[in-house]
Amino acid sequence: MSGLAPATATQDNPAPVLLRRRRIAAAFAGSGELAAAVDGFTPRAAQQEMALAVFDTIVERGTLIVEAGTGTGKTFAYLVPALLAGGKVLISTGTKTLQDQVYAKDLGTLIRALGLSVDAALLKGRQNYLCLQRLARAEAEGRLPSRQDAEHLRAIGRFARLTATGDRAELAEVPESAQIWPLVTSTRENCIGQECPRLDECFVYKARRAAQAADVVVVNHHLFLADLALRDDAVRDFLPAVDTVILDEAHQLPRTAADFFGSGWSLAQLADLAQDARALGLAKAAGGAAWVTLSQAIESAARNLRLLLAEAGLAAGSRIALERCPAKPTLRRGVAGIDDALRSLAEAVKANAGRDVELDALAPRLVALRAEIGAWLAALDRAIAPADEPKADAGGQDGDGQDGGGQGAGGRDGGGQDGVAQDAGEQDQAAQRVRWVALTAHGAQFNATPLAPGAAFARAREQQVQAWILTSATLTLAGSFAPFLADIGLPQARTERWDSPFDFQQQALLYLPKPLPSPLRSDFPEQVADAAWPVIAAAGGRAFVLCSTLRAVERVAARLRSSMQRDRLELPLLVQGASTRRALLDEFRRHGNAVLVGSVSFWEGIDVRGEALSLVVIDKLPFAPPDDPVVEARIRRLKSLGRNPFLEYQLPEAVTLLKQGVGRLIRDERDRGVLMILDERLLGKPYGRTVLASLPPFARTREEAVACGFFGAPDQR
């Protein structure tokens with residue numbers, strides 16, 4: 001390691017800390033190192049203050065939670081003190097886009113500006129890297145479902161001979177969604193770790209070894225939380241020990257933590273296991289068992305369970321709590337059939353123990369999978385028993401129980417009872433979880449999501465003697481950190497908040513049309529499109545239309561297409577689902593006058609600066625649907641504790657996502673634009689004032705002519 005040693009101070013000698021603190025303050029000044037070396041750097045008092053707060057937290061090894069409005073420059077505000085404080089630093093981001101930006105752009109810029117010698121490493125999850133052992137097996141078998149898979153395999157083989165990193169993102173020729181990837185990448189379950197004959201060449205091992213040696217490691221929340229939730233058994237030292245942890249885009253942590261502190265299994269997981277068992281058995285122990293028959297039994301049991309779910313009336317896209325699953329006895333028989341097939345395979349693997357290391361590695365996979373399935377069988381037994389039938393509950397929808405959720409961007413950070421059930425032996429209420437099933441077109445996932453992931457997150461924090469800095473542009477509700485602190489389980493953390501430096505009164509306008517449509521109307525998407533069209537036309541396109549559901553995306557897009565044809569105004573219309581998110585954004589920027597209609601994935605993590613984006617239309621407040629199994633269970637839990645689920649959970653989550661969507665509009669000091677929100681509850685419900693108080697201080701209007709006129713020159717407004 002070549003970075004600075006950690007800044008430490010004693011009562012007799014505070015100089016190391018004071019000197020570095022002064023240097024940080026000076027670096028952000030108008031005549032400082034950043035102004036001298038970074039093009040376009042503008043001194044901002046809030047950025048300097050945040051940097052000093054971060055530094056103090058690093059020295060104290062405390063916990064700091066920071067909301068820094070768009071334009072504060074929070075990335076530099078945490079990177080500069082982290083670099084100058086010394087020690088080893090781990091930075092985790094919520095999106096790969098920011099992860100790549102921090103590693104490839106911001107870190108290099110600041111290391112040069114500050115004249116430091118610092119080694120940085122980028123580390124992604126295991127499935128982002130090519131596995132040479134599994135690639136060799138796939139090439140040797142030569143049995144692939146389609147000609148396209150075979151072409152992709154040849155491309156990956158060529159890539160493997162040329163790449164230094166094995167990062168699949170470097171191979172644009174093979175789509176991220178290609179079916180070949182699971183065959184040539186590894187998972188924690190199927191990696192044989194230190195026993196692998198190609199360990200010295202392993203891309204995952206090389207990336208983690210580089211992370212161990214680096215001064216600064218950049219990961220994402222999925223990898224960070226996976227490390228907290230369970231240490232990797234296949235390759236030790238999953239993430240390095242560090243002095244400072246910085247969690248950017250921290251608003252995503254409660255949702256993501258629920259995934260990693262929960263558990264589950266899927267039909268796709270069964271298919272992968274069956275495929276591996278067949279291939280390894282035939283290759284390593286051909287006479288040791290009827291491998292084809294055993295793998296086919298697993299595949300048949302999985303297909304049968306998916307068919308039973310469909311026959312019970314559950315369609316693709318359904319998310320349903322175990323307690324609400326129809327035909328639970330039939331479902332139990334289907335799950336038991338899978339367990340029987342897995343038991344037979346486990347016996348065959350045990351009988352052939354010691355013949356091959358990869359074949360032996362199937363045994364712990366089977367143990368773990370059967371444990372998950374066994375927990376589901378026990379939960380199904382409890383759900384079937386008449387004495388355990390859950391009591392009816394109306395749910396908590398919108399404060400008044402009538403119109404709160406709509407079909408919004410559902411979160412996965414809750415839990416319930418069994419459907420508010422506890423796993424065997426769990427008596428602590430914090431360990432409760434909701435069991436629920438999610439169906440895809442051909443598969444299904446069986447999830448157990450914790451009720452209070454913040455409790456697990458807090459326990460993990462207590463075990464780490466480090467500084468933790470959590471930051472985002474959207475953490476507060478009307479200026480209060482309380483909901484986020486409760487969600488993340490850190491109620492005693494130090495909090496700081498700095499508003500955006502942008503002049504929203506001059507740069508932006510909040511337009512609430514008169515009258516505002518009601519989300520309860522059956523033609524709400526068409527009303528949204530009709531209200532937005534005059535402003536879209538006045539802006540000459542250059543618009544995002546953000547919808548709360550994919551269903552609304554199609555209807556809004558269809559109505560806008562009709563309006564364009566009627567008025568003979570040809571604007572490029574880009575619709576989510578027609579291509580990848582990256583491709584749609586590239587096309588949006590290239591056109592300069594496009595209209596993009598998208599759902600939740602376009603509400604955050606997107607940066608379009610300049611005139612290409614001058615109008616953001618949001619159809620309604622993005623409440624999570626109250627009948628979502630995780631949301632419903634968390635509502636019920638909060639009610640049982642005598643708390644208000646709407647004010648403490650549903651409203652804060654909706655406002656956080658809304659603020660993310662609003663944040664797409666003004667990205668720098670030169671941006672100008674109009675924000676439209678088309679939900680009557682914003683003015684008709686008491687909580688509307690809280691929502692408005694959580695947004696930047698836009699100028700406001702209810703007049704269409706004023707909104708349309710905003711797109712003229714500033715002196716003509």
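Checked by atom type, the side-chain pair S472/E249 shows no donor-acceptor distance below 3.5 Å. Judged by distance alone, the side chains of E604 and Q252 do bring a donor and an acceptor atom under 3.5 Å apart.
Screening L657, V662, L682 for a side chain to side chain contact (heavy atoms under 4.5 Å, CB included) involving I618 leaves a single residue, V662.
Ion pairing between E526 and R559 fails under the 4.0 Å rule for side-chain N and carboxylate O. Here R137 pairs with E358 in a salt bridge; the nearest charged N to carboxylate O distance falls below 4.0 Å. Taking 4.0 Å as the cut-off between side-chain N and carboxylate O, D487 and R634 count as a salt-bridged pair. Between R555 and D523 there is no salt bridge, since no side-chain N of the basic residue sits under 4.0 Å from a carboxylate O of the acidic one. Between R168 and E176 there is no salt bridge, since none of the side-chain N atoms of the basic residue sits less than 4.0 Å from a carboxylate O of the acidic one.
Checked against the 6.0 Å centroid threshold, Y687 and F623 count as a close aromatic pair. Aromatic rings from F260 and H222 are positioned such that their centres are separated by under 6.0 Å.
By the 30° and 60° cut-offs, the orientation of the rings of W265 relative to F446 is parallel.
A donor-acceptor pair under 3.5 Å is formed between the side chain of K659 and the backbone N or O of T476. No donor-acceptor pair under 3.5 Å is formed between the side chain of W436 and the backbone N or O of D628. A donor-acceptor pair under 3.5 Å is formed between the side chain of R134 and the backbone N or O of T185. Proximity of a side-chain donor or acceptor of D272 to a complementary backbone N or O of Q269 within less than 3.5 Å is not detected. Side-chain atoms of S295 come within 3.5 Å of backbone atoms of V292 as a donor-acceptor pair (strictly under, hydrogens ignored).
Nearest heavy atom pair, residue L678 against residue V528, reads CD1-CG1, 3.7 Å.
Atom-to-atom distance recorded for L651:CG and K685:NZ is 12.5 Å, nearest 0.5 angstrom. For the atom pair NZ of K328 and CZ of R382, the computed distance is 13.0 Å after rounding to the nearest 0.5 Å.
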